[in-house]
Amino acid sequence: MANDEQDTIAHLLQIEEEAAELISQAQIQSEKEISAARAQADSEYNQKYETMASQMEGDYNSKIAGMDQAHKNQLDEYKSQIEQTPKDLDAFNNLLEKIL
């Protein structure tokens, strides 16, 4: 009877070791899958980030170019208005003579 008990205990210990090994293998496999999923998610995030950053940079550059052009147009219009303004050189010269 003692031999049967020892066999039963040994059998239960063997089953426990096998279960521990299965759990260990499952944890290793789980860590591999989580690592792969994390790498995939990081890759997708980086790709989307780069796409959005590139798009935003393009929008920024486009708006800056538009603002530069609008500024140039306003400056040209101002210059044109100044050039078209009549000049009264006699009055200007008389003013300078009075001041000096």
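In this chain, residues are counted from 1 in sequence order.
Under 3.5 Å, the side chains of Glu77 and Asn73 contain no donor-acceptor pair of N or O atoms. Between the side chains of Gln25 and Glu21, at least one donor N or O lies within less than 3.5 Å of an accepting N or O.
Remark: Glu97 CD to Asn93 CG distance equals 6.5 Å, nearest 0.5 Å. For the atom pair CG of Asp7 and CG of Leu12, the computed distance is 11.0 Å after rounding to the nearest 0.5 Å. Once rounded to the nearest 0.5 Å, the distance linking CG of Asp68 with CG of Leu75 reads 12.0 Å.
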Evaluation steps, side chain to side chain donor-acceptor pair (under 3.5 Å), between Glu33 and Gln29: CA-CA 6 Å; Glu33 290 175 7; Gln29 182 63 29; 3.1 Å; yes

Side chain to side chain contact (heavy atoms under 4.5 Å, CB included) between Leu13 and Glu16: does it pass, once the steps are laid out? CA-CA 5 Å; Leu13 289 174; Glu16 185 179 351; 4.0 Å; yes

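Within 6.0 Å of the CD atom in Gln47, the count of heavy atoms belonging to other residues, nucleotides or ligands does not exceed 12.
The salt bridge (charged side-chain N to carboxylate O under 4.0 Å, His left out) check on Lys72 picks up Asp76, with sequence neighbours excluded. Remark: Ile15 pairs with His11 by the side chain to side chain contact (heavy atoms under 4.5 Å, CB included) rule, at least two apart or across chains.
The backbone N or O of Ala26 lies less than 3.5 Å from no partner atom in the side chain of Ser30, so there is not a single donor-acceptor pair.
Listed by first then second residue, pairs satisfying salt bridge (charged side-chain N to carboxylate O under 4.0 Å, His left out) with a partner in residues 38-60 number zero, not counting sequence neighbours.
The shortest distance between side-chain heavy atoms of Ile9 and Gln6 does not fall below 4.5 Å.
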